[in-house]
Q: 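Following this message is one structure expressed as structure tokens.
Just follow the structure's listing: the first ligand is 1, and inside any ligand the first atom is 1.
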Amino acid sequence: MREIRDSAELKRMSVRELNALAEEIRAEIIETVSEHGGHLASNLGAVELTLELHYVFDLPEDKLVFDVGHQAYTHKLLTGRLQGFRKLRTREGVSGFPQCVESDCDAFTAGHASTAISAALGMARTRDIMQGNHHVIAVVGDGALTGGMCYEALNDAGQSGTRLIVILNDNAMSISKNVGALSRYLTGLRQSRGYRAFKRGTRNMLERIPVVGLPIFNVIDRVKGSIKALLLDDKFFSALGFEYMGPIDGHNLRHMIRILKRARDYQAPVLLHVVTQKGKGYTPAEDHPDQFHGVVPFFIESGEAKEEPDVQTNGEVACQRITELAETDVRICGITAAMADGTGMELFKQHHPDRFFDVGIAEQHAVEMAAGMAFGGLRPYVAVYSTFLERAYDPILVDICRNSLPVTFLIDRAGLVGRDGDTHQGVFDLSYLSMMPNMIVAAPRDARDLRRMIDLSILVDRPMAIRYPKDGDDLGPGIRSQRPIRVGEWELLLNGTDVMIFAVGRMVQNALQAAVELMGHGVSAGVVDARFIKPMDTDLLLECARKVKLVAFAEENALRGGFGEGASAFLQREHVHNETLFFGVPDFFIRHGSVLEQQRECGLTAPQIASAIEARWKTMAE
Ligand SMILES: Cc1ncc(C[n+]2csc(CCOP(=O)(O)OP(=O)(O)O)c2C)c(N)n1
């Protein structure tokens with residue numbers, strides 16, 4: 001497609017030209033995502049909507065805030081980032097989410113759902129205090145609207161009377177089909193006779209709405225009147241203090257531009273309910289918008305993935321095991337916050353639909369609900385991505401841990417996550433979970449141990465967190481332990497006399513490789529699989545640390561508050577003063593790229609671990 005530097009170019013285009021541009025943008029998105037992977041269906045659905053917003057509003061003066069931010073590809077293409085877009089989500093290219101550092105048109109950096117209305121309200125209030133005059137627009141999906149923060153924000157914004165435009169981008173889908181009572185309500189609005197009549201016959205009525213030439217209040221009265229006459233009378237958003245406009249077909253550029261101009265002139269909070277189609281313009285994505293929400297590189301002709309998914313993900317391994325256990329244990333329930341596919345919970349849903357709960361994008365509620373279930377005698381398994389569990393910090397601490405309830409957290413996408421980048425890194429869970437009393441925190445080194453830990457979890461009568469990365473490697477028969485896994489027991493995998501590396505989860509593999517390299521350089525390094533971050537195997541820690549001069553800790557977690565800090569503080573308290581090296585994630589946010597590139601940035605690859613240990617060993621010998 002052609003390079004577009006800013007929206008001044010768009011503003012000179014006719015609707016016909018804008019429609020042609022929409023098709024160019026679609027082709028560009030499909031091409032790029034087929035090469036690099038990314039969020040396809042949401043972006044294809046938002047092409048016209050983004051063009052309309054850029055056409056009507058003036059960026060960067062006006063502030064456009066995308067919820068989640070996964071649908072902002074068109075926005076990137078309209079703001080001078082075509083070349084970076086072609087290397088989407090790689091180290092050399094743009095992020096898959098808005099990033100203020102990339103463009104002054106990115107008003108807000110997002111990644112997690114349901115934040116946009118709050119952030120936009122904050123910007124609107126700033127404008128009011130600073131006596132500015134610009135517009136603030138939040139674009140929120142119907143999926144994101146299942147998240148509680150949206151209601152806190154609507155409630156506050158509605159009573160404030162502040163000038164704010166919320167665009168509800170309703171495609172009836174979250175990642176999977178949307179859930180919940182409000183989703184049903186929106187479906188009711190979309191399917192109402194009024195909307196269908198509107199879609200068929202409003203063209204003329206809409207075009208009668210005045211655009212220029214009337215004093216503002218007059219315009220608003222007339223516009224309100226005309227819009228009320230042709231759009232629906234909503235109860236929910238109006239009761240919250242918003243002027244509701246909609247539903248309106250988001251792909252109809254001519255209508256949308258007119259309505260947006262009216263919304264722009266309105267002097268109070270407005271909610272514009274826009275109906276779009278997820279995956280629009282690419283048949284495989286239209287047919288299966290859930291499968292094309294987030295994709296790996298694929299063949300455009302068939303829609304098939306280029307990489308053969310030959311192994312089960314760790315999430316699938318974990319959920320398969322709880323699905324099996326639930327055959328005989330009726331206490332087991334599966335909970336997800338809108339991520340049944342990504343976490344592997346889909347399988348549990350198919351086998352035990354009456355004990356499966358998708359609560360929407362509502363992690364805090366999911367965890368609090370699990371607390372209630374555990375109080376009643378059930379055994380809830382909450383499958384959730386590490387980064388999104390951060391939303392539930394308070395109920396985990398205050399309700400689950402304080403009451404020592406047997407809720408198991410299946411924490412997926414833990415560690416460095418690769419292309420989704422800084423907003424999605426799962427590198428804080430060990431820090432924030434292991435400081436909670438009563439919590440067991442575990443990290444299996446491979447898929448086989450993950451299964452064994454699930455078996456253990458059902459026997460444990462306490463909160464337990466099992467964290468793992470997406471991919472389910474099996475480290476192979478060479479280091480398969482036959483001993484059962486017991487809470488708080490580590491495993492010595494390799495003996496060493498000079499150095500001992502205590503490694504967590506995926507880092508066990510790197511530590512073993514590093515030990516082999518070190519052996520080649522005359523340094524005898526041992527490796528311990530520190531599979532329980534809490535409680536720690538303090539006996540083995542002491543025993544191994546006392547045998548060597550140098551200890552190293554390796555984890556895919558923030559160094560601050562992580563496993564290494566905790567283990568070394570214990571050694572200090574026990575007056576064991578080895579030389580110590582810490583391998584983990586430094587105190588900054590790790591941006592998008594491949595997992596390997598991110599590990600390199602953190603010094604976590606096997607050769608980096610080996611050479612850092614060797615260097616320290618040499619200085620110790622001097
Ligand atoms: C707190 C949080 N939980 C889960 C996710 C994962 N997630 C990303 S997009 C998405 C669905 C969003 O649906 P919607 O807002 O309707 O946007 P659409 O993709 O349909 O345009 C989910 C669950 C997230 N980004 N943030």
Q: Phe97 and ring-ring contact (aromatic ring centres under 6.0 Å, His included): which partner among His70, His39, His592?
A: His39
Q: Apply salt bridge (Lys or Arg N to Asp or Glu O under 4.0 Å) to Glu48 and list each qualifying residue two or more places apart in sequence or on a separate chain.
A: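 Salt bridge (Lys or Arg N to Asp or Glu O under 4.0 Å) check on Glu48 returns Arg26.
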Q: Is the closest basic N to carboxylate O distance between Arg86 and Glu28 below 4.0 Å?
A: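 Salt bridge present between Arg86 and Glu28.
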Q: Are the charged groups of Arg190 and Asp142 less than 4.0 angstrom apart, N to O?
A: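 Looking at Arg190 and Asp142, the cut-off is not met.
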Q: Note every protein N or O atom lying under 3.5 Å from an N or O atom of ligand 1, pairing the names and giving the distance.
A:
residue, atom, partner, partner atom, Å
ligand 1, 3 (N), Glu363, OE2, 2.6
ligand 1, 15 (O), Ala144, N, 2.9
ligand 1, 16 (O), Asp142, N, 3.4
ligand 1, 16 (O), Asp142, OD1, 3.3
ligand 1, 16 (O), Gly143, N, 2.6
ligand 1, 16 (O), Met173, O, 2.9
ligand 1, 19 (O), Ser42, OG, 2.7
ligand 1, 19 (O), His70, NE2, 2.7
ligand 1, 19 (O), Lys278, NZ, 2.9
ligand 1, 20 (O), Asn171, OD1, 3.1
ligand 1, 20 (O), Asn171, ND2, 2.9
ligand 1, 20 (O), Met173, O, 2.9
ligand 1, 20 (O), Lys278, NZ, 3.2
ligand 1, 21 (O), Asn171, ND2, 3.3
ligand 1, 25 (N), Gly111, O, 3.1
ligand 1, 26 (N), Ala113, N, 2.9

Q: Please tabulate, one pair per line, all N/O donor-acceptor pairs under 3.5 Å involving side-chain atoms of residues 107-114, not counting sequence neighbours.
A:
residue, atom, partner, partner atom, Å
Thr109, OG1, Cys100, N, 3.2
His112, NE2, Thr387, OG1, 2.8
His112, NE2, Thr423, O, 2.8
Ser114, OG, Ala144, O, 2.8

Q: Who passes salt bridge (Lys or Arg N to Asp or Glu O under 4.0 Å) against Asp422, sequence neighbours left out?
A: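 For Asp422, no residue satisfies salt bridge (Lys or Arg N to Asp or Glu O under 4.0 Å) once neighbours in sequence are set aside.
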